[in-house]
> 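This is the structure, below, for whatever I ask next.
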Amino acid sequence: MHSSVDRILTTHVGSLPRPAALSDLLLRREKGEVSDEATLAQYSEAAVREVVQKQHEAGIDIGNDGEQPRVAFNTYVARRMKGFGGQGQWTLPLDVTEFPDFLERYRAHRSSGAAPPQAIAEVEYVDLREAEAECDLCLRSTAGEPPPFVERFMTAASPGVIATALRNAYYDSHERYVFAVARQMQKEYELIHAKGFILQLDCPDLAMERIRMFKNDSLRRFQEIVEMHIAAINLATASVPSERIRLHICWGNYEGPHTHDVPLEAILPLLYQAKVGALSIELANPRHQHEFQVFRRYPLPDTMLLLPGVIDTTTNFVEHPEVVAQRIEQAVEVVGDRSRVIASADCGFGTFS
């Protein structure tokens with residue numbers, strides 16, 4: 001994994017907005033209304049080429065395909081794996097329930113789309129063709145590009161975020177479900193690595209689920225869940241070198257008050273249990289931008305890079321470049337080594353179609 005030796009490198013978290021026509025096709029396919037895969041492939045290829053160009057124009061060094069071929073950053077796996085079906089249910093975040101006007105708007109937004117499926121049988125990843133096609137599309141779209149990315153990464157949902165988004169209606173415990181998912185997602189992780197990408201594991205469950213699925217549990221119980229989810233990650237990535245993996249955590253990429261978010265201090269030492277080469281963490285939004293100080297109490301391991309969020313993906317304000325520069329400087333200060341800081345965003349810009 002490249003580091004910021006000569007200058008601060010730039011990246012992002014993965015998802016970028018899709019063209020309206022592509023989003024419409026992806027959503028209609030989810031509802032079973034689209035079967036013309038050739039047309040969808042054409043739209044996806046055009047979108048990936050455009051989003052690669054936009055990353056170059058923005059000065060991104062370490063880029064990807066913007067997750068253009070996926071309906072969402074996490075539920076895409078329901079198409080690629082067996083064992084999912086029916087319809088689960090949305091879980092209201094704890095913070096949203098305390099603000100009635102906002103709750104009404106939040107529910108209206110949620111009702112516009114169907115809840116994701118759930119595990120109704122043994123999960124199994126039997127066909128990697130769709131994952132391989134996405135990797136190959138990204139490789140084609142970035143081949144011979146002027147100028148080339150310093151590195152390319154490919155995102156993949158973590159076992160924990162899959163198990164919390166696609167709920168369990170089959171296994172006798174959450175832990176059994178998470179590890180069953182981990183053993184199957186290992187195939188996609190290893191494919192991404194074999195294709196030459198940096199593997200990014202998207203793990204909002206390690207922070208966000210404190211106020212969702214585990215909002216009625218104690219903090220200690222949630223910390224135990226985090227440790228278990230990280231153990232599942234380590235199992236699933238055992239064959240991928242840690243220096244080729246980066247892990248993204250966040251408190252949920254939604255416009256909400258976030259008044260009950262778990263503090264970074266409560267989970268950061270646990271994140272260091274992950275056998276990865278980089279951590280991508282929100283540090284730009286007004287609920288968490290003060291938490292760069294936590295790295296003073298729990299220093300980043302020498303084997304890890306930090307990808308601090310220095311741009312907030314949910315605000316309507318476009319931050320002034322000096323504000324972004326100050327955030328980068330704060331991250332460098334607490335890490336103590338400029339080469340181990342790569343500037344990023346808090347979260348994705350298009351997590352769902």
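The basis for the numbers below is simple: all heavy atoms, side chains too, and nothing from hydrogens, waters or symmetry mates. Being a predicted model, the structure only gives us computed values, none of them experimental.
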> What do you reckon, is NZ of K275 surrounded by more than 12 foreign heavy atoms closer than 6.0 Å?
no
> Would you say D61's side chain and T10's backbone share a donor-acceptor pair under 3.5 angstrom?
yes
> Counting N and O atoms only, with roles assigned by atom type, does the side chain of R18 sit under 3.5 Å from a partner on the main chain of A47, one being a donor and the other an acceptor?
no
> Is a donor from one side chain sitting under 3.5 angstrom from an acceptor on the other, for D24 and Y43?
no
> Would you find a donor on one side and an acceptor on the other, under 3.5 Å apart, between the side chain of R287 and the backbone of H258?
yes
> E333 and salt bridge (charged side-chain N to carboxylate O under 4.0 Å, His left out): which partner among R338, R296, R327?
R296
> Donor-acceptor check, side chain of D346 to backbone of L283, threshold 3.5 angstrom: yes or no?
yes
> Which atom names give the shortest non-hydrogen contact between Y125 and L128, and what distance separates them?
CE2-CD2, 3.5 Å
> Using a strict 4.0 Å threshold on nitrogen-to-oxygen distance, state whether R129 and E132 make a salt bridge.
no
> Taking all non-hydrogen atoms of both residues, which atom of H248 and which atom of C347 are closest, and how far apart?
NE2-SG, 3.8 Å
> Any side-chain heavy atom of R49 within less than 4.5 Å of one from V52?
no
> When hydrophobic residues are tied together by side-chain contacts of less than 4.5 Å, even through go-betweens, does Y76 share a cluster with F349?
yes
> Between D136 and K195, is the closest basic N to carboxylate O distance under 4.0 Å?
yes
> Would you call K187-E124 a salt bridge at under 4.0 Å N-O?
no
> So, S339 side chain and S3 main chain: donor-acceptor pair closer than 3.5 Å or not?
no
> Below 4.5 Å, heavy atoms only, C-beta onward: do L92 and Y106 meet side chain to side chain?
yes
> Between D205 and S158, do the side chains contain an N or O donor and an N or O acceptor separated by less than 3.5 Å?
yes
> Hey, quick one: are V150 and I245 part of the same hydrophobic cluster, counting side-chain heavy atoms closer than 4.5 Å, chains of contacts allowed?
no
> Starting at OG of S353, measure out to CZ of R29 and round the result to the nearest 0.5 Å.
9.0 Å
> Applying side-chain contact (heavy atoms from CB on, under 4.5 Å), can you list everything that pairs with M154, at least two apart in sequence or on another chain?
D65, R70, E134, C135, C138, I192, F197
> Does atom CG of D6 have more than 12 heavy-atom neighbours, drawn from other residues, nucleotides or ligands, at distances under 6.0 Å?
no
> Over all heavy atoms of both residues, which pair between S15 and G348 is shortest? Give the atoms and the distance, please.
OG-CA, 3.1 Å
> According to a 4.5 Å side-chain heavy-atom criterion applied to Ile, Leu, Val, Met, Phe, Trp and Tyr, with indirect links allowed, do V178 and I162 form part of one hydrophobic cluster?
yes
> So that I can tick it off, tell me whether R220 and E227 are bridged by a salt bridge, with the cut-off set at under 4.0 angstrom between side-chain N and carboxylate O.
yes
> Answer yes if the side chains of H229 and E209 hold a donor-acceptor pair under 3.5 Å, and no otherwise.
no
> Please check if the side chain of E291 supplies one atom and the backbone of L264 the other of a donor-acceptor pair under 3.5 Å.
yes
> Taking only Lys NZ, Arg NE, NH1 and NH2, and the carboxylate oxygens of Asp or Glu, determine whether E224 and R221 approach each other closer than 4.0 Å.
yes
> Under 6.0 Å from the CZ atom of R176, do we count more than 12 heavy atoms belonging to anything else shown?
no
> Compare every heavy atom of P286 with every heavy atom of D312, then report the nearest pair and how far apart it is.
OD2-CD, 3.7 Å
